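Starting from 1, each residue takes its place in the sequence as its number. None of the values given here were measured: they were computed from a predicted structure. Values reported hereafter were calculated over all heavy atoms of this structure, with side chains retained and with hydrogens, waters and symmetry mates removed.
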Amino acid sequence: MVELQNVSVTYSSGVDALNNVSLKINDGDFAFVVGSSGAGKSTMIKLLLKEIDATSGVVTVNGYNLSKLKRRKIPEFRRTLGFVFQDFRLIPSMTVYENIAFVLRVIDAPKKFIRKRVPYVISLVGLQAKSNSYPDELSGGEKQRVAIARALVNDPQLIIADEPTGNIDPELSYEIVELLKGINDQGTTILMVTHEHDLVRHFGGRIINITEGEIVFDEIITGISEEVIAEEYTEPEPVIVQEEIPDSQSIADEVIAAIREGSAGGDTDEA
């Protein structure tokens, strides 16, 4: 479960990235998060990953109160999450199998489990024939399927997909969302951030619209019409803000570093 209770984030520059946001996503939900650039979507993601802390309010993810989470517990917490990046973040020198197995190896999963689990998730994303291929031998859609398999391999309770269709052909975007929907049907909670309203319009479901740091729309919608999209989801003029947070590249590096740290059993004090 994901829950934000009266959460605000204000950066030292004075920018209010989130303003008194309350949100609850139950186990097993699939939710789209939409909003213009600078609306607060990236800030919300980084809150949920414990990359930044709320200025005020309470953030709870998968049973962890992130406001009180000790630094040594962050790796344990992050193992309950899967993250899908817009630009894939595959390791070029590793095959499809090795890219996915790497996530389990850094947490010292048993070799027998890795040999069983990795082919299983590869089959889930339909890439059995590509197990020994390298990233530069894959299409954009195939790379994103590998990224989804990598996020899924540790059997997370929650997968956060940040613009997962942003770097693939439009016709493949629907396949990727269908894949995420299939994973969701097996019980995994999915939070997908997207600016592609055609996808939202096609799939419907729960739509969370963030504008200028506030949730302005949160409903479960089916059969969304062009008129509703125009009324509810047309993006306002972008608000340019400078968020004082690491760029998205640091997320992958820090998550892996945190997993390694957790495996080493560090005892750092509270964050």
Side-chain angles (χ1 to χ4, degrees), residues 1-2 4 23 25-37 39-51 61-62 77-90 99-100 103 121-122 124-127 135 138-210 218 233 247-252 254-256:
M1 181 184 71
V2 174
L4 279 63
L23 171 69
I25 297 172
N26 293 315
D27 292 342
D29 281 357
F30 188 113
F32 290 104
V33 178
V34 300
S36 62
S37 299
K41 303 189 304 297
S42 294
T43 296
M44 179 180 289
I45 288 173
K46 291 176 174 63
L47 277 175
L48 299 182
L49 291 174
K50 186 62 176 176
E51 286 290 323
V61 181
N62 293 341
F77 156 67
R78 286 180 176 155
R79 289 171 196 167
T80 71
L81 305 173
F83 197 89
V84 180
F85 298 93
Q86 177 178 344
D87 52 355
F88 319 130
R89 305 290 170 86
L90 303 180
N99 263 281
I100 298 168
V103 175
V121 296
I122 289 175
L124 287 180
V125 300
L127 289 177
L138 304 176
S139 68
E142 289 170 338
K143 290 177 183 177
Q144 196 58 288
R145 285 176 175 268
V146 177
I148 291 171
R150 183 181 57 192
L152 184 62
V153 72
N154 202 31
D155 195 21
Q157 296 170 248
L158 167 68
I159 289 179
I160 300 172
D162 185 14
E163 301 281 4
T165 61
N167 280 339
I168 60 178
D169 294 336
E171 60 269 22
L172 296 177
S173 298
Y174 294 88
E175 293 183 13
I176 293 300
V177 180
E178 288 282 9
L179 176 57
L180 290 171
K181 285 280 190 180
I183 293 169
N184 174 248
D185 288 342
Q186 301 302 310
T188 303
T189 306
I190 307 287
L191 189 65
M192 177 175 161
V193 176
T194 182
H195 68 278
E196 297 190 44
H197 291 166
D198 285 346
L199 292 176
V200 176
R201 185 162 45 238
H202 178 80
F203 288 97
R206 185 172 178 187
I207 318 298
I208 301 165
N209 191 339
I210 302 178
D218 182 1
Y233 304 109
D247 61 27
S248 58
Q249 176 66 53
S250 68
I251 300 175
E254 292 188 17
V255 168
I256 292 299

Peer 1: To the nearest 0.5 Å, what is the distance between CG on L191 and CG on L23?
Peer 2: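 Output value for this atom pair is 8.0 Å.
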Peer 1: How about D162 and F85: do any of their side-chain heavy atoms sit closer than 4.5 Å?
Peer 2: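 D162 vs F85: side chains apart.
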Peer 1: Please report the shortest heavy-atom distance between I176 and G141, naming the atom on each side.
Peer 2: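 Closest approach of I176 to G141, heavy atoms only: CD1-O, 4.0 Å.
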Peer 1: How many angstroms lie between CG in L179 and CG in L172, if you round to the nearest 0.5 Å?
Peer 2: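 Output value for this atom pair is 12.0 Å.
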Peer 1: Do N209 side-chain atoms and V33 backbone N/O form a donor-acceptor pair below 3.5 Å?
Peer 2: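 Judged by distance alone, no pair lies under 3.5 Å.
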Peer 1: Only one of L47, L49, L48 clears side chain to side chain contact (heavy atoms under 4.5 Å, CB included) with E51; which?
Peer 2: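 So the option named by the test is L49.
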Peer 1: How many angstroms lie between CG in D185 and CD in E178, if you round to the nearest 0.5 Å?
Peer 2: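 Those atoms lie 9.5 Å apart.
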Peer 1: So, taking the atom named CD in Q86 and the one named CD1 in I168, what distance separates them when rounded to the nearest 0.5 Å?
Peer 2: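 Separation between the atoms: 10.0 Å.
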Peer 1: Could you check if a side-chain atom of H195 sits within less than 4.5 angstrom of a side-chain atom of V34, using non-hydrogen atoms only?
Peer 2: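 No, side chains not in contact.
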Peer 1: Between R150 and L90, is any pair of side-chain heavy atoms under 4.5 Å apart?
Peer 2: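 Contact flag for R150/L90 side chains = yes.
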Peer 1: State, yes or no, whether a side-chain contact exists between H202 and V177 at a heavy-atom distance under 4.5 Å.
Peer 2: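 Sidechains of V177 and H202: no contact.
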Peer 1: Do you know the tightest heavy-atom contact between P156 and G82?
Peer 2: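 Heavy atoms only, the tightest pair is CB-N, 3.5 Å.
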Peer 1: Closer than 3.5 angstrom, by distance alone: can the side chain of D27 be matched with the main-chain N or O of T189 as a donor-acceptor pair?
Peer 2: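 Not at all, since once roles are kept as given, no pair shorter than 3.5 Å links the two residues.
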Peer 1: Treating K41 as the side-chain partner and G35 as the backbone partner, does any N or O pair qualify as donor plus acceptor under 3.5 Å?
Peer 2: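 Side chain of K41 to backbone of G35: a pair is present.
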Peer 1: Side chains of F30 and R206: closer than 4.5 Å at any heavy-atom pair?
Peer 2: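 When only atoms from C-beta onward are counted, R206 and F30 do not touch, as no gap falls below 4.5 Å.
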Peer 1: Can you tell which of I148, D87, L138 makes a side chain to side chain contact (heavy atoms under 4.5 Å, CB included) with K143?
Peer 2: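 It is L138, the one option of I148, D87, L138 that forms the side chain to side chain contact (heavy atoms under 4.5 Å, CB included) with K143.
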Peer 1: Grab the two heavy atoms, one from P164 and one from V193, that are nearest each other, plus how far apart they are.
Peer 2: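 Result for this residue pair: CD-O, 3.7 Å.
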Peer 1: Supply the atom-to-atom distance I160 CD1 to L81 CG, rounded to the nearest 0.5 angstrom.
Peer 2: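 It comes to 5.5 Å.
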Peer 1: Using side-chain heavy atoms (C-beta onward) and a distance below 4.5 Å, is V146 in contact with V125?
Peer 2: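 Counting from C-beta outward, V146 and V125 never come under 4.5 Å.
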Peer 1: Once rounded to the nearest 0.5 Å, what's the spacing between atom CD of E196 and atom OG1 of T165?
Peer 2: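 With rounding to 0.5 Å, CD (E196) is 3.5 Å from OG1 (T165).
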Peer 1: Please confirm whether the backbone N or O of E142 pairs with a side-chain atom of S139, one donor and one acceptor, at under 3.5 Å?
Peer 2: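 Yes; judged by distance alone, with no hydrogens or angles, the pair exists.
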Peer 1: On the 0 to 90° scale, with breaks at 30° and 60°, tag the F32-F203 ring pair as parallel, tilted or perpendicular.
Peer 2: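 Tilted.
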Peer 1: Quick one: do L124 and I183 satisfy side chain to side chain contact (heavy atoms under 4.5 Å, CB included)? Show the steps, please.
Peer 2: CA-CA 9 Å; L124 287 180; I183 293 169; 5.9 Å; no
